[in-house]
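A short worksheet on the structure shown next.
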Amino acid sequence: MRILITNDDGIHAEGLEVLERIARTLSDDVWIVAPETDQSGLAHSLTLSEPLRLRKVRDKTYALRGTPTDCVIMAIKSLMEPGPDLVLSGVNAGQNVADDVTYSGTVAGAMEGTLLGVRSIAISQAYNWNEDGRLLPWDVAETLAPALIERLVKLSLPQGTLLNVNFPNCAVDAVKGVMVTEQGQMTHGLSIEERHDGRGFPYYWLKFGRRDFSPEANSDIKAISNGYVSVTPLKLDLTNHAVQDQIAKALRD
């Protein structure tokens, strides 16, 4: 199996090293094409107004000055011949669940692989904070992901389907199991914070706030909050099929 890995945290991210170790338990043919710098929150964006700069780090490992989407396209359309059998995106430092999947560059890497006809899985690791910063239990994903991926790649999935996998913030032996989940919902937690530079001119930061999440037992956010690994099948088709007839009727009237 030929595996392509990418991420949105950048070529130097610890989670990318974790994902490489995971991938190498599954195959000895592993390629890495990751962004040169942190691309978190850029979702499924393309670089169209400036050139893509590619830097070879070592054999089969490249850094690209671009987005996760750019990285997958560069790998499949230019660098790899033949192309990959599997795209793994992550391991993201932080969960990608509920509405946040629409912002996620990690999920976008898997989306692009899916668009190009390759089985693709996004992988994220939830974490906690203390006074020294983020506390990421990387060993949870690294321990549990290989066997889970082996089982997931054997599935026959509908065209246009990717898998979004999130590992809970707990010790490995505290993980309760794996749940197949649906995308949950969270309240919008972003606000704008105004600050001022040394000359008194304003500038602005996006700021995260406390967020409540949907209580549905089968949601991705509920699953990882309760100590389960969440596996959510996502599809590229964004059509709301349930309201098509309603809109068509309204337009006929």
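Keep in mind that this is a model prediction, so the values were computed, not measured. In this chain, residues are counted from 1 in sequence order.
Between L86 and L4, the closest side-chain pair of non-hydrogen atoms is not below 4.5 Å. Between I32 and K60 there is no side-chain heavy-atom pair separated by less than 4.5 Å. I3 places a side-chain heavy atom less than 4.5 Å from the side chain of I5.
Annotation: D197, atom CG; neighbour count of heavy atoms from other residues, nucleotides and ligands within 6.0 Å is above 12. Crowding of Q159 atom CD: a count of heavy atoms from other residues, nucleotides or ligands under 6.0 Å not exceeding 12. Heavy-atom contacts from other residues, nucleotides or ligands closer than 6.0 Å to CZ of R24 number more than 12. In the displayed structure, Q246 atom CD is contacted under 6.0 Å by at most 12 heavy atoms of other residues, nucleotides or ligands. No more than 12 heavy-atom neighbours from other residues, nucleotides or ligands sit within 6.0 angstrom of CZ on R65. Atom CG of D28 is surrounded by 12 or fewer heavy atoms from other residues, nucleotides or ligands within 6.0 Å.
A cation-pi contact links R134 to Y127, judged by a cut-off of 6.0 Å to the six-membered ring centre and 45° from its axis.
Note: L88 CG to L19 CG = 5.0 Å, rounded to the nearest 0.5 Å. A distance of 9.0 Å separates OH in Y204 from CD1 in I192, rounded to the nearest 0.5 Å.
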Under the criterion side chain to side chain contact (heavy atoms under 4.5 Å, CB included), I'd like the reasoning laid out for L190 against F208: C-alpha separation, chi angles, the key distance, then a yes or no. CA-CA 5 Å; L190 292 172; F208 286 98; 3.5 Å; yes
Can N218 and K222 be said to form a side chain to side chain contact (heavy atoms under 4.5 Å, CB included), step by step? CA-CA 7 Å; N218 199 45; K222 186 77 170 182; over 6 Å; no
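D70 and T47 are linked by a side-chain donor-acceptor pair at a separation below 3.5 angstrom, with hydrogens and angles left out of the test. When only modelled atom types and interatomic distance are considered, T37 and Q39 share a side-chain donor-acceptor pair under 3.5 Å. E14 and H12 form no side-chain donor-acceptor contact under 3.5 Å, judged by distance and modelled atom types alone. Neither side chain, D29 nor S27, offers a donor N or O lying under 3.5 Å from an acceptor on the other.
The side-chain hydrogen bond (donor to acceptor under 3.5 Å, both in side chains) pairs that include a residue from residues 89-101 are N92-T106, N96-S104, N96-S124, D100-R211, where partners are two or more places apart or lie in different chains. Sorted by first and then second residue, the ring-ring contact (aromatic ring centres under 6.0 Å, His included) pairs involving residues 131-189 (not counting sequence neighbours) form an empty list.
Between V165 and V231, the closest heavy-atom pair is CG2-CG2, 4.2 Å. P84 and I76 get closest at one heavy-atom pair: CD-CG1, 3.7 Å. The two atoms that bring A34 and L16 nearest to each other are CB-CD2, 3.8 Å, heavy atoms only.
A donor-acceptor contact shorter than 3.5 Å links the side chain of D9 to the backbone of A93. Side-chain N or O atoms of T61 include none that pairs as donor or acceptor with a backbone N or O of V57 at under 3.5 Å. No donor-acceptor pair under 3.5 Å is formed between the side chain of S78 and the backbone N or O of A75. Under the 3.5 Å distance criterion, the side-chain polar atoms of Q125 are left unmatched by any main-chain donor or acceptor of G94.
In terms of the side chain to side chain donor-acceptor pair (under 3.5 Å) criterion, residue partners of R55 (sequence neighbours excluded) are, by chain and number, E36. Residues passing the side chain to side chain donor-acceptor pair (under 3.5 Å) test with K56, sequence neighbours excluded: none. Looking at residues two or more places apart in sequence or on another chain, you find no side chain to side chain donor-acceptor pair (under 3.5 Å) involving E182.
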Mind listing the side-chain donor-acceptor pairs of residues 169-181 below 3.5 Å, one per line with the distance, residues two or more places apart or on another chain?
{"residue": "K176", "atom": "NZ", "partner": "N226", "partner atom": "O", "Å": "3.2"}
{"residue": "T181", "atom": "OG1", "partner": "S230", "partner atom": "OG", "Å": "2.6"}
{"residue": "T181", "atom": "OG1", "partner": "T232", "partner atom": "OG1", "Å": "2.6"}

